Amino acid sequence: MLRDANPPGTSSTIQPTETVNVARRLTDWARRTPGAIAIAEPRGRGTDGERPYRRLTFRELDEDSDRIADGLVRIGVTPGLRLAMFVPHGIDFVSLVFAMFKAAAVPVLIDPGMGLRSMMDCLDEIHPAGFIAVPKFHAIRALPGGRFSRTKLCVTVGRRWWWRGQTLPRLRRLGQAPFEPVPTSADDPAAVIFTSGSTGPAKGVLYRHRQFDHQVTEIQSFYGIQPGEIDVPCFPLFGLFNAAMGVTTIVPDMDARRPARVNPKKLIDTINHWQATQSFGSPAVWNRVGQYCEQHKVRLTSLRRVLSAGAPVPLLVVSRMQNWINPAGEVHTPYGATEALPIASIGANEILAETSRKTDAGSGVCVGRRFPGIQWRVIKIVDGPIRSLADTVDLPVGEIGELIVCGAVVTDQYVTRLEANALAKIAAGDSMWHRMGDVGYLDSQERFWFCGRMAHRVQTAGGPMYTIPCEAIFNRHPDVFRSALVGVGPRGHQTPVIVAEPIAGKFPRRGPARSRFINQLRTLAVTNPLTDGIRHFLLRGALPVDPRHNVKIGREKLAIWAARRIR
């Protein structure tokens with residue numbers, strides 16, 4: 001059986017000889033609920049103004065992915081072959097991914113929102129054997145003299161122009177159903193998913209079949225997701241989870257690459273039209289939806305589970321959404337990373353009743369309790385590789401350190417930027433721990449309180465300062481939308497600087513008004529021992545944020561900008 005070589009110290013809790021492939025879950029649902037809708041995607045507008053949908057039942061989705069899988073094998077796709085995918089969220093995306101799982105091919109998923117240059121750099125590092133993509137991407141790839149112009153194994157999802165290769169309709173005609181999936185073991189490579197690159201160069205994370213399979217089990221069990229529920233996922237990968245859980249996916253009318261630009265009315269209309277019970281989206285999505293619901297008094301009465309992740313979710317976003325969904329429902333904020341998901345979760349009821357007050361006072365953001373399959377520790381911060389778990393120092397309750405995690409959903413290696421493996425992984429006998437790159441602490445209830453990224457801590461002569469607790473003090477200002485703590489100067493002697501982004505319409509344009517605003521921030525600083533040493537305050541119309549979730553602040557760029565202004 002084809003398998004990537006495991007790094008030292010890794011193993012699986014599943015016997016290698018056992019066949020594990022999350023695509024088998026789709027086939028199981030196709031047998032159990034063949035006529036239930038698996039996925040529906042919008043198709044323009046009907047003559048009566050209603051939006052028509054293209055729909056596939058679980059049986060049709062399973063058969064469609066069978067035909068595509070067989071077609072892939074017929075054109076030369078072999079087990080372990082890496083194929084880069086650039087296909088928008090929808091039926092074709094879901095069918096293609098499950099088809100590749102069935103054919104034992106390895107889809108490579110890169111967020112186009114990171115920009116063309118970064119995206120092409122990722123492709124240079126991963127060396128895909130082929131591409132399955134929309135015409136626009138192939139047009140760029142196939143330009144004469146381009147880096148991938150001679151790649152032969154290509155499938156166009158849409159109209160093929162001058163380049164060679166197959167089209168998705170022809171692939172469907174070539175293949176036949178049923179298709180017997182290529183046997184895969186728990187440790188066989190299933191996919192390569194790139195990190196967003198928002199806090200450093202994007203890295204290709206190797207997912208094995210066991211990790212996907214355990215993810216489905218953990219998510220469905222923890223949140224009590226029932227077969228037959230209806231989900232409107234604003235993040236494409238959740239559509240894949242749904243198909244494996246017996247849940248109907250309704251593809252929203254939005255550009256998943258730009259969640260902050262979502263049309264809230266369209267999303268609300270989709271949720272209410274389909275009587276969706278669940279929806280996953282970034283804080284940027286729910287910020288816009290919550291504002292619209294509040295302004296127009298629109299309720300999402302069917303919605304019982306709202307999931308939001310990607311960055312700490314502002315309290316205002318949580319409370320707004322909680323007000324407008326079904327009274328028996330709840331907003332949940334799962335915590336994790338591309339390399340390890342899910343890790344922990346907390347619900348709105350706990351946030352609003354308790355943890356938000358502590359967050360406002362500078363205690364960090366509580367991300368909740370760990371999932372049952374996760375082990376975690378908070379260890380003394382080390383800047384550099386940690387060779388063995390024996391080299392770590394566990395910290396007591398309440399002391400800020402670095403979070404490390406271990407479990408069946410935790411990936412064990414990067415396949416690009418290989419030097420990152422030494423920095424992010426810790427061997428411990430037959431298991432591998434992942435360094436989350438986050439700092440925080442555990443409380444007496446075994447909850448983790450997130451205090452920021454390890455790389456973003458400001459290292460002053462008086463000791464470290466952590467972003468999330470410090471920023472909370474200034475976010476209490478009624479005219480501050482968000483703020484960022486950055487350090488200027490050499491580590492160990494950095495000068496802390498607060499950069500605040502006023503809410504829309506509140507940016508002070510004139511000198512006296514700007515001085516008053518900054519003096520108010522200075523007054524807030526001296527009210528808390530966490531921030532009373534900060535002397536420099538700047539205002540900026542918009543802080544730089546990540547393209548995927550539009551909420552992670554680009555503190556590295558902001559530090560350079562701030563350094564030029566405090567000299």
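Remember, predicted model here, so these are calculated numbers, not experimental data. Position 1 is the first residue of the sequence, and the numbers go up from there.
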So for atom CZ, which belongs to Arg387, do other residues, nucleotides or ligands contribute more than 12 heavy atoms lying within a distance under 6.0 Å? no

Assess whether atom CZ of Arg565 is packed by more than 12 heavy atoms of other residues, nucleotides or ligands within 6.0 Å. yes

Are [X] and [Y] close enough that a side-chain donor and a side-chain acceptor fall under 3.5 Å?
X: Ser483; Y: Asn475; answer: yes
X: Trp433; Y: Gln375; answer: no
X: His456; Y: Glu556; answer: yes

Shortest non-hydrogen contact between [X] and [Y], atoms and distance:
X: Glu125; Y: Thr416; answer: OE1-CB, 3.4 Å
X: Gly336; Y: Ile343; answer: CA-CG1, 3.9 Å
X: Gly329; Y: Gln322; answer: O-NE2, 3.0 Å
X: Pro478; Y: Ile503; answer: O-CD1, 3.9 Å
X: Ile400; Y: Cys451; answer: CD1-SG, 3.9 Å
X: Thr333; Y: Val313; answer: CG2-CG2, 3.6 Å

Whether the side chain of Thr411 engages the backbone of Gln413 through a donor-acceptor N/O pair (distance < 3.5 Å, no angle test) should be reported. no

For Phe241 together with Phe238, are the ring centres under 6.0 Å from each other? yes

Going by the rule salt bridge (Lys or Arg N to Asp or Glu O under 4.0 Å), which residues pair with [X] if we only count those two or more places apart in sequence or in a different chain?
X: Glu471; result: Arg555
X: Asp124; result: Arg147
X: Arg522; result: none
X: Glu402; result: Arg435

Assess the residue pair Arg210 and Asp412 against the criterion (salt bridge (Lys or Arg N to Asp or Glu O under 4.0 Å)); give the C-alpha distance rounded to whole Å, side-chain angles, the decisive distance to 0.1 Å, and a yes or no. CA-CA 12 Å; Arg210 60 181 160 90; Asp412 51 44; 3.1 Å; yes

List the steps and the verdict of side chain to side chain contact (heavy atoms under 4.5 Å, CB included) for Tyr292 and Ile268. CA-CA 9 Å; Tyr292 187 93; Ile268 290 167; 3.3 Å; yes

Does Tyr441 form a ring pair (Phe, Tyr, Trp, His ring centres under 6.0 Å) with Phe448? I'd like the steps, not just the answer. CA-CA 6 Å; Tyr441 59 93; Phe448 182 67; 7.5 Å; no

Can you list the residues that meet the side chain to side chain contact (heavy atoms under 4.5 Å, CB included) rule with Asn287, with sequence neighbours excluded? Gln291, Val317, Arg320

Please name all residues satisfying side chain to side chain contact (heavy atoms under 4.5 Å, CB included) with Gln445, sequence neighbours left out, ordered by chain then number. Glu354, Arg369, Asp443, Arg447

Could you check whether [X] pairs with [Y] (Lys NZ or Arg NE/NH1/NH2 to Asp/Glu carboxylate O, under 4.0 Å)?
X: Arg305; Y: Glu330; value: no
X: Arg357; Y: Asp360; value: no
X: Asp111; Y: Arg257; value: no
X: Lys380; Y: Asp394; value: no

Out of Leu206, Val108, Val106, which one pairs with Val415 under the side-chain contact (heavy atoms from CB on, under 4.5 Å) rule? Leu206

Min side-chain heavy-atom separation [X]-[Y] under 4.5 Å:
X: Leu123; Y: Ile110; result: yes
X: Tyr414; Y: Glu419; result: no
X: Leu543; Y: Leu558; result: yes
X: Val545; Y: Lys552; result: no

Any ring-ring contact (aromatic ring centres under 6.0 Å, His included) involving residues 522-541? Give me the pairs, sequence neighbours left out, ordered by first then second residue. Phe474-Phe537

Summary of ring-ring contact (aromatic ring centres under 6.0 Å, His included) pairs that have at least one residue in residues 496-524, sequence neighbours excluded: His477-Phe517

Please name all residues satisfying ring-ring contact (aromatic ring centres under 6.0 Å, His included) with [X], sequence neighbours left out, ordered by chain then number.
X: His332; value: Tyr223
X: Tyr207; value: Phe212
X: Phe86; value: Phe137

Just verifying a value: how many Å separate Phe131 CZ and Phe148 CZ, rounded to the nearest 0.5 Å? 4.5 Å

Residue pairs passing the salt bridge (Lys or Arg N to Asp or Glu O under 4.0 Å) test with at least one member in residues 448-470, sequence neighbours excluded, are Asp383-Arg457, Asp438-Arg453

